[in-house]
Amino acid sequence: MTTEQEHAIDALRGANDDLRRTAAELEAQRTVALFQEARLRAVVQGASDGIITFDEVGLVESFNGTAEQFFGYSADEVVGNNFSMLVSPQHDQQHEDYRGRCLELVNKKVIGTPTEVEGQRKNGETFPMQISVSEVQVFGRRLFTGIVRDLTDRKRVENELRTHSRAWSSMSNGILITDPTLPDNPIVYCNRAFTTITGYSECEALGRNARFLAGADRTQDAYLELRRAIKEERACHVVMRNYRKDGTPFWNDLTVSPVLDDDGRLTHFVGVQVDVTKQRQSEEELRLAAITFQTNDAIIITDRRTKILRVNRGFMRLTGYTAEEIIGKTPRILQSGRHDRAYYKRMWTALLDEGLWEGEIWNKRKNGEHYCERLLITAVQNTTGETTHYVGIAQDITWRKEAKDRLRRVNERLAEQSLALKHANEELQRSNQELEQFAYVSSHDLQEPLRKVSAFCTLLEQEYGDKLVGEGKTYLRYAVDGADRMKTLIQDLLAYSRVHTKGNEFMSTNIAETLARVLDHLELAIAEAKAEVTYDVLPTVMADETQLVHLLQNLIGNAIKYRGEVAPKIHIGVERQSGEWLFSVSDNGIGIAPEFHERVFGIFKRLHARDEYSGTGIGLAICERIANRLGGRIWVESEEGQGATFYFTIPAAQSVPLEGVPKNEYHEPALAETY
């Protein structure tokens with residue numbers, strides 16, 4: 001064998017091996033293709049939708065098991081026949097149009113859209129079906145696949161839902177359905193009655209949780225019970241206060257029931273609501289009426305002929321009659337005889353014309369005792385406007401009438417006493433004026449002979465003083481001293497009488513400047529006693545400055561006069577109280593026993609002998625008179641041997657306040673260095 005032949009044999013062997021490998025690969029591919037075809041056939045046969053393939057002229061090439069169930073044909077009966085056998089004859093043209101549109105869409109590479117047609121079963125029965133057609137390329141051929149769904153059950157459900165929806169829409173009760181499988185359990189359906197009751201439109205309600213009807217009032221027990229029922233997926237019935245779109249409240253009688261599927265899973269909640277606002281209002285009115293009938297007021301109900309039908313306990317307590325004794329009678333049994341026929345005629349005229357009468361009336365109890373009551377009678381009318389009953393409500397005002405009569409008598413006596421007091425005050429005022437005039441005239445007239453006595457005593461002392469010895473000198477000294485004391489007494493008496501008659505008009509008075517004048521007058525006395533005078537920051541008030549000088553000078557002078565063994569320390573303080581200034585003059589002197597606190601303000605009242613302390617005993621009386629004229633008062637607080645504090649007040653109305661001076665921070669002894 002030649003070399004070329006050997007090469008040829010090797011080449012043939014290689015080609016044979018390639019052929020075997022290719023055959024093996026083709027067999028493997030064929031096996032895979034058969035497997036895939038079997039799997040596809042199994043999928044098609046087991047699909048829940050009917051799957052039908054047909055060519056361009058409508059000849060059916062495959063028909064799966066679901067399609068056999070839908071149409072009642074076996075695959076053998078349909079394959080090779082035109083698809084039109086599966087469509088109701090009255091829809092042939094519609095089918096042809098649809099198939100033509102499918103071919104057109106296929107040419108445009110667009111998948112056909114689902115459409116609904118009426119299918120026809122083998123037994124001639126028609127049914128609604130949905131078909132969706134798409135193009136399939138098989139070995140260069142154009143085939144079409146139709147996916148068919150039997151819509152019979154869905155149509156039945158839709159018809160039922162439409163029927164239910166129409167029924168629910170026509171109901172007077174509000175219906176709403178919520179879906180707890182969605183977030184926040186929103187409303188997915190509401191009927192017309194719901195929108196009428198709540199005022200919300202369907203668009204405004206759908207998609208929202210029903211809690212928006214509760215507004216901010218979510219603490220009601222009914223609302224909490226509803227939340228628990230929804231959480232526990234159970235039915236419940238509640239009556240709760242809800243709010244309409246315009247904000248007005250209404251009472252909602254709500255029954256909520258869960259809806260379960262065949263497997264017992266919750267799918268929806270159905271709520272049925274009834275607007276029971278009027279019912280609740282009627283119940284509330286009845287409740288209030290019942291409570292009112294149990295009130296302490298007397299209530300009586302009669303028919304249109306005034307025959308008593310019912311009375312309450314308040315009526316029985318007021319009149320002394322039991323219900324058995326009074327029912328069936330007329331209110332005339334209570335008449336006391338105090339009112340004439342014209343009085344009752346006016347009452348009935350008002351009832352007939354206006355349906356209402358109110359007034360006071362004297363009646364008689366069972367025991368014969370008269371009593372006065374405040375009575376309101378109302379006519380009750382039916383829907384036609386005819387009076388059917390009368391309702392009377394009465395209150396016993398006997399005590400009020402008696403108290404009013406007593407008060408009237410007391411007022412009459414007070415008026416008489418007031419008139420007598422007015423006359424007495426006028427007489428007292430005239431008497432005081434006469435006394436003041438007498439004191440003034442007397443004091444003025446006494447000064448002239450007193451000046452003569454004093455002058456002649458002085459001349460006697462000058463001319464004959466060196467000739468008088470023993471008792472003569474003593475008598476002359478007594479005469480001069482008596483004349484001087486009489487002069488001082490007359491001057492003080494004049495000052496006392498002139499406080500009200502000769503006072504100046506009130507004007508703005510700076511107390512600090514007034515005090516400076518007083519301290520200037522007392523400069524020598526302060527220096528001799530080595531007294532220390534301090535004071536607070538003082539306000540400006542409306543007062544008679546001259547009399548205010550006299551008042552302060554008397555109080556500070558007394559503090560210097562009635563000093564103890566140590567040098568006097570005097571402080572003038574001030575404090576703003578409600579509506580007035582409270583001034584104080586404090587010292588460290590001999591003090592005043594409590595039993596003499598009122599006596600010291602009496603005229604000519606002295607606590608010490610003249611040889612101990614000089615004075616007429618009228619200074620503090622003048623101070624009290626001045627304090628009264630200024631619109632205030634004066635008093636003393638003291639203990640014997642522990643100093644004294646005299647207080648007096650001046651009204652603060654029109655006073656200039658202390659500015660920028662905090663309380664308890666103005667104790668600077670401004671004049672301590674000078675005095």
Side-chain angles (χ1 to χ4, degrees), residues 116 128 130 151 153-262 264-288 383:
E116 291 186 11
Q130 181 188 74
L151 301 181
D153 292 338
R154 193 177 79 178
K155 289 292 184 179
R156 185 183 67 254
V157 172
E158 288 177 353
N159 288 334
E160 291 176 354
L161 288 176
R162 277 194 294 271
T163 301
H164 293 163
S165 179
R166 285 193 294 269
W168 290 348
S169 296
S170 63
M171 290 179 65
S172 60
N173 296 342
I175 305 292
L176 69 156
I177 300 176
T178 66
D179 189 346
T181 65
L182 297 177
D184 205 26
N185 190 21
I187 297 173
V188 295
Y189 171 82
C190 62
N191 69 345
R192 187 180 299 109
F194 175 89
T195 63
T196 301
I197 292 173
T198 65
Y200 290 93
S201 67
E202 183 179 1
C203 294
E204 291 172 322
L206 295 181
R208 301 175 67 180
N209 186 285
R211 77 171 68 91
F212 73 91
L213 295 175
D217 192 4
R218 300 178 185 170
T219 59
Q220 305 173 61
D221 292 340
Y223 182 78
L224 299 177
E225 168 61 18
L226 178 62
R227 288 186 59 186
R228 284 193 294 268
I230 291 175
K231 184 177 180 180
E232 297 169 6
E233 300 182 2
R234 59 178 173 82
C236 76
H237 172 256
V238 294
V239 178
M240 61 193 306
R241 184 172 53 253
N242 283 164
Y243 295 87
R244 297 184 176 89
K245 183 180 179 180
D246 61 6
T248 58
F250 70 95
W251 286 100
N252 188 3
D253 186 316
L254 178 64
T255 301
V256 175
S257 303
V259 179
L260 308 178
D261 62 13
D262 294 338
R265 290 188 295 268
L266 178 68
T267 61
H268 296 85
F269 280 104
V270 176
V272 179
Q273 64 177 25
V274 182
D275 185 353
V276 294
T277 304
K278 292 183 178 179
Q279 178 183 338
R280 287 296 292 260
Q281 289 174 344
S282 298
E283 292 174 354
E284 183 67 14
E285 290 172 359
L286 288 174
R287 187 183 68 84
L288 293 175
T383 56

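The two atoms that bring Glu233 and Phe269 nearest to each other are CA-CZ, 4.0 Å, heavy atoms only. Annotation for Ala235 and Ser257: closest pair CB-CA, 4.2 Å, computed over non-hydrogen atoms. Between Val256 and Leu226, the closest heavy-atom pair is CG2-CD1, 3.7 Å. Counting all heavy atoms, side chain and backbone alike, Gly199 lies closest to Glu204 at O-OE1, 4.3 Å. Summarising the geometry of Phe250 relative to Ile197, their closest heavy-atom pair is CE1-CG2, 3.7 Å, with the distance given to 0.1 Å. Looking at every heavy atom in both residues, Ile230 comes nearest to Asn185 through CG2-ND2, 4.1 Å.
Side chains of Arg208 and Tyr200 form a contact here, defined as non-hydrogen atoms less than 4.5 Å apart. No side-chain heavy atom of Leu213 sits less than 4.5 Å from a side-chain heavy atom of Met240. Looking only at side-chain heavy atoms (C-beta outward), His268 and Asp179 come within less than 4.5 Å of each other.
Leu182 CG to Ile187 CD1: the interatomic distance, rounded to the nearest 0.5 Å, is 12.5 Å. To the nearest 0.5 Å, the span separating CZ on Phe194 from CD1 on Ile177 amounts to 12.0 Å. Separation of atoms OG1 (Thr195) and CG (Leu176) is listed at 12.0 Å; rounding is to 0.5 Å.
With hydrogens and angles ignored, the 3.5 Å screen pairs no side-chain donor or acceptor of Thr248 with any backbone N or O of Arg244. Thr267 places a side-chain N or O within donor-acceptor distance of the main-chain N or O of Val259, the cut-off being under 3.5 Å. In terms of modelled atom types and a separation under 3.5 Å, the side chain of Asn191 and the main chain of Asn173 share a donor-acceptor contact.
More than 12 heavy atoms of other residues, nucleotides or ligands sit less than 6.0 Å from atom CG of Asp246. Annotation for Arg227: atom CZ does not count as buried by contact number, only 12 or fewer foreign heavy atoms lying within 6.0 Å.
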Exercise. List the steps and the verdict of salt bridge (Lys or Arg N to Asp or Glu O under 4.0 Å) for Arg234 and Glu225.
Key: CA-CA 11 Å; Arg234 59 178 173 82; Glu225 168 61 18; 3.2 Å; yes
Self-check item: Derivation of the side chain to side chain contact (heavy atoms under 4.5 Å, CB included) call for Ile175 and Val272
Solution: CA-CA 5 Å; Ile175 305 292; Val272 179; 3.7 Å; yes
Practice problem: Determine, stepwise, if the pair Arg211 / Tyr223 fulfils side chain to side chain contact (heavy atoms under 4.5 Å, CB included). | Solution: CA-CA 9 Å; Arg211 77 171 68 91; Tyr223 182 78; 3.5 Å; yes
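With Asp253 as the partner, the side chain to side chain donor-acceptor pair (under 3.5 Å) test is satisfied by one option alone out of Gln279, Arg280, His237, Gln273: His237. Each of Leu254, Thr277, Asn252 was evaluated against Asn242; a single residue qualifies, Asn252, per the side chain to side chain contact (heavy atoms under 4.5 Å, CB included) test.
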